[in-house]
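Throughout, protein chains are lettered first and strands after them, A, B, ... in sequence-line order, and every chain is numbered starting at 1.
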Amino acid sequence: MTEENHLSTVSDLFSDTVAHFIEALSEGVLQYESKEKDLWIRVKNSSWAKAAQVAKSINFNYFCFLSGIDWKDNDELGSEKLWQAPSESVESKSSKPPPKLVKIAGGQSRFQVFARLFSIEKKLGLFLKTDLDEKDLVIDSWSHIYKGANWHERETWEMFGFVFKGHSDLRHIYLPSSFEGNPLRKDFSLLARQVKPWPGLVDPEDMPEQPEQSNSKQSNIDESSNNSDNSEQS
Amino acid sequence: MISIAVLGEGYLFLIGKAILLLIVIPAFSMLIGYSFLLKMMSHMQDRLGPMEAGPHGIFQLLADGLKFLQKEDLMPNGSDRFIFKAAPIVMLVSTFLLYVVIPIGPHMVLENLHTGIFYVLGVSSISVIAILMAGWASSNQYSLLGALRAGGQLIAYEIPLVLSVVGVIIESGTLSLQGIVKAQANGNLFGLPIRNQYLISQFIGFFIFLISAQAELAQTPFDMPLAETEIVAGYMTEYSGFRFLLFYLSETATAFALSAIASTLFLGGWAVPFIHGTLAQVIGPFVLLAKTMLIAFLIFWFRFSLPRFREDQLQAFAWKFLIPLGLVNILITAIFKVAL
Amino acid sequence: MALVNKKFFPKPLSHILNNARKYSLWVYQWGLACCAIEMAATFVSPRYDVMRLGVIPFPASPRQADLMIVSGTVTDKMAPSIRRLWEQMPDPKYVISMGSCANSGGPYWDSYSVTKGVDQIIPVDIYVPGCPPRPEALLEAIVLLQKKIATEDVSQRWIQ
Amino acid sequence: MSNYLHNYLGVFFVALVPVVFSALTLRLGKLLRPNNPQLQKSIPYESGSNPFSSTINKSHLIRYYLLALAFVVFDIEAVFLFPWALRVASLGVFGLIEITIFVFILSLGLIYAWRKGVLQWL
Amino acid sequence: MSNPSNWNQASYISAQAADARINIEIESEGTVLNLGPQHPATHGTLRIVVKLEGEKVVSADPVCGYMHRGYEKLTEVRTYAQVTTLINRIDWLGSFANEVPFILAAEKLMEVEAPPRAQWIRTILFEMARIANLSVFLGEMGVQLGAITPVFYAFRDREFVLNLIESATGGRFHPNFDRIGGLKEDLPKGWLQSTQQAMVKMRHFCDELEQMLLENEIFQARCKGVGVIPADVALNYGLSGANLRASGVDWDIRRDQDCALAWKHCDWKVHVLDEGDSFARYKLRLQEVRESTHIIDQLCQSIPSGSIMAKVPKIIRVPPGEAFVNTENPLGEMGYYVISKGGLGPFRTKIRTPSFNNISILPWLLKGVYLPDVITILASLYFILGDIDR
């Protein structure tokens, strides 16, 4: 990709900013895109810390947040999202291909880290994104550049299991120390939903017809999963 | 009450006085003080306060007392058992001893000690020991912090309290509380033909006394030993059941005792102009009660409206302001006394 | 030694003691979530003024409290503390579970970090439904609790 | 027995009253209250967390001792004001000057402590 | 009281339950004090572990998460309408203000905009949520410093606003009134008049508190110069809202960022103070409540007529994409980064809550202060546990 092509997709507000980043990181900048007053820049994993320094040097000094994304699809997770109005469900399942996701500023891997910075002087927002290698979830820490990143990185570590290199104090922030798993990963399923699916899944009209079956939990699960299957097939 | 008074000296008289002064008055002042505290607080805050236990909740204290009797008596691990148990009793002793010398009528005082006021100052600081005992024995960090704060605070305010009283002594020439009341009833303002309540001539002393009493009682703005939002309940944190109630009651009862002493020292005590003899005997207690309520009202008024100081601000206030002011007040009073 | 342990309480005495406990419910100020604000409104707002009923929100320490209002979401991280604080209250003690979260997990029924109901860890006397319950509902709960206390058999409750 | 001691005998009896009262009520309470030990009931209360140390570092906390020293000095000196205060009129101008010097010395001590920073934070 | 053996077991587990690991610095020798999770100063369940020397704080470590309910995960398994219900409960004092940025983000993805009347009503309710939220702060700060009476007045006068919110939305506490594309229903009759009357009362409340607390010498002595946050540190930690403006940074999202709400149509002022101490934060919030009443007054007069709902499909499917919308909530900047894959609910929602950043400054801010000042600082930073922990 040539630089000129990309600069043209960015509004005038950000041309300076992007130029700065390209100057400082050169190969490190992978992609960028702007919408209204926000700019998204995707940088290489290796230039993540450098990107923060660049941003800070050009007055993006307000640290807003830092977090991660898991782009994996997991259908069993959001059980009631499978539920659709009966008329539509068949159609959308069978005929329409699953919609292609438009990632702003793109990305290749399953995990991304993204952060928002803001410039009080220019009143412009900046999102920085980077991809993480799924086998080696390590990334540089921002905690010595933006103090506020400290807690956000702890949270991201806890929720996704990303390791922030250079962070002094990676320990649980929300969950008890004994907690296992990384809740915000898509393959972390909610136990309560596995044991007992969302009651809304079951059509309330069907309930009175099978009064005996609702005695034990086991039968409840069977019943509800049957029902949901039925509604999808019919 | 008249019958007791006219019985004259003798053991019966002594027993009558003892009952009156040791059971009726403390119980009465606890009951009134407690209801007064709750009710006044509620009304200041636009509320009604306790309404269900008895008419307008006047039996709230009885309900609380009986309830606390039924509560388990807990003692934390690692506490010093004997001291932990003794602390509330020491506190209560300090409160009761205050009532000994308060005159409530021309002849109605349990012991008219010659060193009355000196005795009051000494006895009132026994409570510090109780607080330190409670905090130290609780094996709780909040308690210890609270107790040390209380210690630092109460010793800092003991001196202004003493100094504020010296002015009164200079004017009255006696240490006995009964004597001070009489001196006020008969005296005149520096030779002028005005009857002298020491509130007028000793208003600086009164001011210092009131502030120091507030601090001695650990009421807001000086409630750091109990500061709820900082150290939970201070030295009382670990106390449960009836022992807590003892602490709690002696707090309100001490507030009333100190108010009564303040009204004796500065507002003329039981005395009313132009009333002598038996009539004074009868209405004396009520006059004193009214004055006491007035000062208790002031104390609680401050308590419910002001934020609290920080410990260093409190120390600075005592040492840098109240003590010099007290010394100046003594000198001025002495100069007037000598000059006139 | 104690009368309670001998299961001996003459009826009039029991009546008096029950009434004393009924009108003197000290509750310590401790909120967990949204319900805490409605609880505070009940305690503090002159419009509801729970002190009328003898519920006195003075102590900040459980040692002096009779009543614990679990108002809001109980998380797995908080649950041990709740259990401990409940134990640290001297007997006799009462618990009101306020709000859907404390009753059953409420809107967080499927969350990975929320305890589904405080009654899994401590015994609850009165449940108040609602998310959050209005202050009136909490007042009603307190009145119900008072009714419960008034007819309580002391020795039955205290000996397990 | 002299009248003086007789007076304080009364004080002593008064001091007994609360002791007896508390002993009686606590004994009565023992009849009424339950005893239901639980595993964590007697852990010292620390906001529901585990207390970090059962015996805390008490020497860290005692920062009041300088103030306490100042207090002792002041309180003893204030005691000397009392006898004078009782006899101000009869001691007259001489007594007044004496006590002014006395108070002046007291104030010097206060100013010294003040300047030395004793009255700073704890 | 069903099964005693279970209770014993619960007790045992609770006694064994490991507390969260805390900072190494604090775990070393010395006097360590827990403030919280059950402590009056922490507004609920924040736990602050302070290491003391005398009463001086050597180091402090806030332990949060006692109210962590897993919002970001739960939004992934809920539909948009269900998410609105849920996120009301993040900042529970200003519930309505929580809904707005999320709904705006969803609308941004769907490229719909609520009709003007809906925007006006949203803004009015938003400001009401601010008043309902901050009035608690104004009273609570007094309680934290020992003056117990102001909070009674705060809760008394807050009822006026809650009543209005209730009469408009049906929910006194959690309105759940926003829909994608507009609002649930229109305002009831006479609501605007009673709103303006209530605003007069709220202004009176502000005056009252100004006299009771702000002008009180003890209050000033406790607050002035305590917990000073310089502007650059505040920005570095990502502080927002009144905490940031009290440090001299002139930034208010209501004014500085465009969104489909009605602030740009009325005349109001952003207050900024330079001191950065606790007193400035209190004063600023008091002024903001006043300013909010003026905004509501103006909006009530200029409210346009028309529909309150844009044309949106009955079953809402948000097109794929990412959008971030932030608003100036009572506590500070609240933003939702909504990622949609075209389903019935968001694929991922990052909830940027103000209190989380505001509190992350505590280890820095509490170093070297005294124990009573810890309480002043905590109260003046003003956080809500649900907002920290989500």
Which atoms of E:Tyr71 approach chain C - backbone, side chain, both or neither, heavy atom under 4.5 Å: side chain
So CZ of E:Arg47 and OG of C:Ser81: to nearest 0.5 Å the spacing works out to 7.5 Å
In Å and rounded to the nearest 0.5 Å, what is the CD1 to SG distance from E:Ile384 to C:Cys34? 9.5 Å
Given the options C:Ser45, C:Ser71, C:Pro62, which has more heavy-atom pairs under 4.5 Å with chain E than any of the others? C:Ser45
With a 4.5 angstrom heavy-atom cut-off, which part of E:Arg69 approaches chain C: side chain, backbone, both or neither? both
For a quick test of reading the model, state the closest non-hydrogen atom pair linking E:Tyr66 to C:Lys77 and the distance between them. CE2-O, 3.7 Å
Interface moiety of C:Cys101 toward chain E, non-hydrogen atoms closer than 4.5 Å: neither
Nearest non-hydrogen partners of E:Gly70 and C:Tyr112, listed with the distance: CA-OH, 3.4 Å
Heavy-atom pairs under 4.5 Å with chain E - which of C:Ala33, C:Ala41, C:Gly31, C:Pro107 has more of them than the others? C:Ala33
Toward chain C, the part of E:Glu140 with a non-hydrogen atom under 4.5 Å: neither
Which atoms of E:Phe152 come close to chain C, meaning under 4.5 Å heavy atom to heavy atom: side chain ones, backbone ones, both, or neither? both
I need the E:Met67 CE to C:Thr73 OG1 distance, nearest 0.5 Å. 5.5 Å
Just give me the residue among C:Asp49, C:Leu32, C:Val114 that pairs up with chain E most often, heavy atom to heavy atom, under 4.5 Å. C:Leu32
Would you confirm whether the ring centroid of E:His68 sits within less than 6.0 angstrom of the ring centroid of C:Tyr108? no
Pairs of heavy atoms under 4.5 Å with chain C: top-ranked of E:His174, E:Arg156, E:Gln38: E:Gln38
Could you grab the distance from atom CZ of E:Phe155 to atom CZ of C:Arg47, nearest 0.5 Å is fine? 13.0 Å
In the structure I gave you, are the side-chain heavy atoms of E:Trp92 and C:Glu38 within less than 4.5 Å of one another anywhere? no
Side chains of C:Val44 and E:Arg158: closer than 4.5 Å at any heavy-atom pair? no
